[in-house]
Amino acid sequence: MTMRIHNTLSGKKETLQTLEPGHVKLYVCGITSYDYCHIGHARSALAFDMIVNYLKYRGYKVTYVRNFTDIDDKIIARAAEQQTSAEELAARFIREFYVDMDKLGINRPDIEPKATEHISEMIALIEELISKGKAYPSGNDVYYIVDSFPDYGKLSKRNVEDMQAGARISINEQKRNPLDFVLWKGSKPGEPTWESPWGPGRPGWHIECSAMSRKYLGETFDIHGGGQDLIFPHHENEIAQSEGVHGKAFANLWIHHGFVTIRDEKMSKSLGNFLTIRDILTHYHPEVLRFFIFSTHYRNPLDFSESAMQDATAGLERLYECVAAVDRLDPQKSDANSASIFTDNDRQLLESMESRFQQAMDNDFNTAQAQGIFFDTVKTINRICRALPAVPSASDVEFLKKCANNLRKLADIMGILREDAESFLAAGKNKMISEGGLDVNAIEALIAERNQCRSAKNWARSDEIRDLLLAQNIELKDGPNGTTWSVKGN
RNA sequence: GGCGGCGUAGCCAAGAGGUCAAGGCAGCGGUCUGCAAAACCGUUAUUCAUCGGUUCGACUCCGAUCGCCGCCUCCA
């Protein structure tokens, strides 16, 4: 069985083939650090976190590079607004980025290069481009000659003639051709500046990724990733730069994930539908966000809404409830001699979980299908647990625990079911209690009263109490070991 | 205008040229329960935007139409 991954370059799913056997070299475009990260950034980081986890699970060694763009127009503009330096602003939002990433439980990439720490590598690359006749200095800037690269447009599937006809590109007198893009920008007074053969200035955006990927992964590497909005012009320009210099393939496989939308529109500040990661995490557990994000294939748009998040909460709780029920089984209270209650079908279904999971994930990281497999598993486990006698067979208990652990192991690839099940469920309940301003003592006093009524078969009063609590979104569950309660979502 | 993508049940969302179109949420019937809740069992698309074509056979391939979204300027 091999892994198939959709390649933006070919527009098709392709079998993963690495340059070095068993080693994936991955470069992902990270953030421009000038503001807090939004859910779209979370999706990007989570998607590649999942991809890296899965590649490792499949036995690959992964070298994962993700850059920080810490010098650019937006950073300079924002720093000026806030009366601080570009350097300070960029460093601050990189720290804030890590706060969010850590909360989401995202593993750090192996290498996280910053643009400002690779100026000399970029200058070297630009000099190579000039010497090969692929770039020219003009004024204080240096531009890439798009016409010098015949494959320009191969990633975004557009051709140079169409783009020139479409000409929404602003006229820049420094450029020979409107499509030429900047490699090096002469700096204006007061802007951050580095010395270069073309005078003081700073790098253009695209050159950093060409320079840093070359340094850390080589001239050709396996996978390059990012959001769909980076396909053009960013990744197209990276290809032009790198292949223009090296004369060979840049990245073999391109992975682009879809956007997070709100009411079916792309999030953007101008539309005012911009939600930061920390906004979301004040309302939802990080694993709920992960579960939500992986409920749709990574290339499809994902529409954020309260109700979608509540569905995700319910789904994740269902998984945790199942795991918690298995955790509660006590091997000490099982019987080594009693017969198993599993049918062959049950056993077969549970034993095939991992291979079905792999089949889903091997098919372009189909996390949505993988989640479906988790639910199938949960359904079977729940059915068995329900049918278990008071003193179950020791081998059944052992098998159920093995299945639950296996479920945890696979769920961990998408970063869910990482917490102790009882604690997760209790935390959810406590959150609801505090958000609802509920008085636990009063609730439990009512439950005690109700249980007295129930013993006395005073059903009228006990139902009255239950309805009273239900009006506060509190649901009672009368079990063999007493009454438990939970808080309903709205 | 150019390019790319999407349109599957009330909602979300997989799938895929061929016996039954995953799964979740919601709904309905049942088991359990004093009644409930949870859990479980059963049930909910003869049909996959529309219209044509290819094929023994298409929801899956091709073409057209309609609708939605994205990129073409910074953007995850």
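Chain letters run A, B, ... following the sequence lines, proteins first, then strands; residues in each count from 1.
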Nucleotide nearest A/R318 when distance is taken to its side chain, options B/A39, B/A14, B/G2: B/A39
Rounded interatomic separation in angstrom, taking CZ from A/R454 and P from B/A37: 14 Å
Closest listed nucleotide, where the reference is the side chain of A/T296 and the choices are B/A13, B/G4, B/C71: B/A13
Span that lies between the P atom of B/G17 and that of B/C59, in whole angstrom: 14 Å
Nearest-Å distance for atom pair NZ/C1', residues A/K429 and B/A38: 13 Å
Sugar-phosphate, base or nothing in reach of A/T261, heavy atoms under 4.0 Å: nothing
Span that lies between the C1' atom of B/U50 and that of B/A39, in whole angstrom: 43 Å
Pair A/Q371-A/S295, side-chain donor/acceptor within less than 3.5 Å: no
Sugar-phosphate only, base, or nothing, as touched by A/Q228 at under 4.0 Å among non-hydrogen atoms: nothing
Stacked cation flag A/R176 on A/Y143, 6.0 angstrom / 45 deg: no
Atom-to-atom span, NZ of A/K74 to P of B/A76 - whole angstrom: 7 Å
Given RNA chain B, 5'-ward residue of the pair A/K477 and A/I39, judged by closest heavy atom: A/K477
P spacing across the pair B/A76 / B/A22, given as an integer number of angstrom: 39 Å
Between P of B/A38 and CG of A/L470, the distance in whole Å: 10 Å
Ring centroids of A/W459 and B/G34 base under 5.5 Å with planes under 30°: yes
Sugar-phosphate only, base, or nothing, as touched by A/A308 at under 4.0 Å among non-hydrogen atoms: nothing
Integer-rounded Å distance: B/A76 P and A/M101 CE: 12 Å
Side-chain N or O of A/N363 closer than 4.0 Å to phosphate OP1/OP2 of B/A16: yes
Sidechain N-carboxylate O distance under 4.0 Å for A/R461, A/E464: yes
B/G27 versus B/C11 - spacing of their C1' atoms, nearest Å: 12 Å
Side chain of A/R383 (C-beta onward), nearest among B/C41, B/C71, B/A39: B/C41
Short side-chain N/O contact to B/A14 OP1/OP2 from A/N300, under 4.0 Å: yes
Listed nucleotide nearest any side-chain atom of A/S44, set B/A76, B/G23, B/C25: B/A76
Pairwise C1' distance for B/G18 and B/G4, with rounding to whole Å: 32 Å
A/E265 or A/Y298, whichever maps to the more 5' nucleotide of RNA chain B: A/Y298
Touch class at under 4.0 angstrom, heavy-atom based, for A/G227 against every strand present: sugar-phosphate
Ring centroid separation A/F292 to A/Y284 under 6.0 Å: no
Derivation and outcome, salt bridge (charged side-chain N to carboxylate O under 4.0 Å, His left out), residues A/R66 and A/D49: CA-CA 11 Å; A/R66 183 184 61 202; A/D49 186 57; over 6 Å; no
Complementary nucleotide of B/G18, counting Watson-Crick and G-U pairs under 3.5 Å: B/C56
Candidates B/A76, B/G34, B/C25 - which lies nearest the side chain of A/D311: B/C25
Touch class at under 4.0 angstrom, heavy-atom based, for A/H234 against every strand present: nothing
Rounded interatomic separation in angstrom, taking CG from A/N458 and P from B/C35: 16 Å
Gap in Å between the two C1' atoms, one belonging to B/U44 and one to B/A26, rounded: 11 Å
For atom CZ of A/R386 and atom P of B/A39, their distance in whole Å: 11 Å
d(CG, A/N159; C1', B/C72) in whole Å: 12 Å
Polar side-chain contact A/R466-B/C35 base: donor and acceptor under 3.5 Å: yes
Atom C1', compared across B/A45 and B/C12: separation rounded to whole Å: 15 Å
Sugar-phosphate, base or nothing in reach of A/H38, heavy atoms under 4.0 Å: base
Sugar-phosphate only, base, or nothing, as touched by A/F375 at under 4.0 Å among non-hydrogen atoms: sugar-phosphate
Sugar-phosphate only, base, or nothing, as touched by A/I231 at under 4.0 Å among non-hydrogen atoms: nothing
Nearest-angstrom distance, C1' atom, B/G67 to B/U8: 16 Å
B/G63: pairing nucleotide in any strand, Watson-Crick or G-U under 3.5 angstrom: B/C51
Cation over ring face, A/R108 and A/Y98, 6.0 Å, 45°: yes
Salt bridge present between A/K379 and A/D346 (N-O < 4.0 angstrom): no
Residues A/R202 and A/D73 bridged, charged N to O under 4.0 Å: yes
Sugar-phosphate, base or nothing in reach of A/R158, heavy atoms under 4.0 Å: base
Nucleotide forming a Watson-Crick or wobble pair with B/G1, both distances under 3.5 Å: B/C72
B/C71 OP1/OP2 closer than 4.0 Å to side-chain N/O of A/K266: yes
Phosphate OP1/OP2 of B/G15: any A/N366 side-chain N/O under 4.0 Å: yes
Sugar-phosphate only, base, or nothing, as touched by A/D463 at under 4.0 Å among non-hydrogen atoms: base
Sugar-phosphate only, base, or nothing, as touched by A/D73 at under 4.0 Å among non-hydrogen atoms: nothing
Any-strand Watson-Crick or G-U partner of B/G42, both distances under 3.5 Å: B/C28
Touch class at under 4.0 angstrom, heavy-atom based, for A/R450 against every strand present: base
Parallel, tilted or perpendicular: rings of A/Y152 and A/F149 (30°, 60°): perpendicular
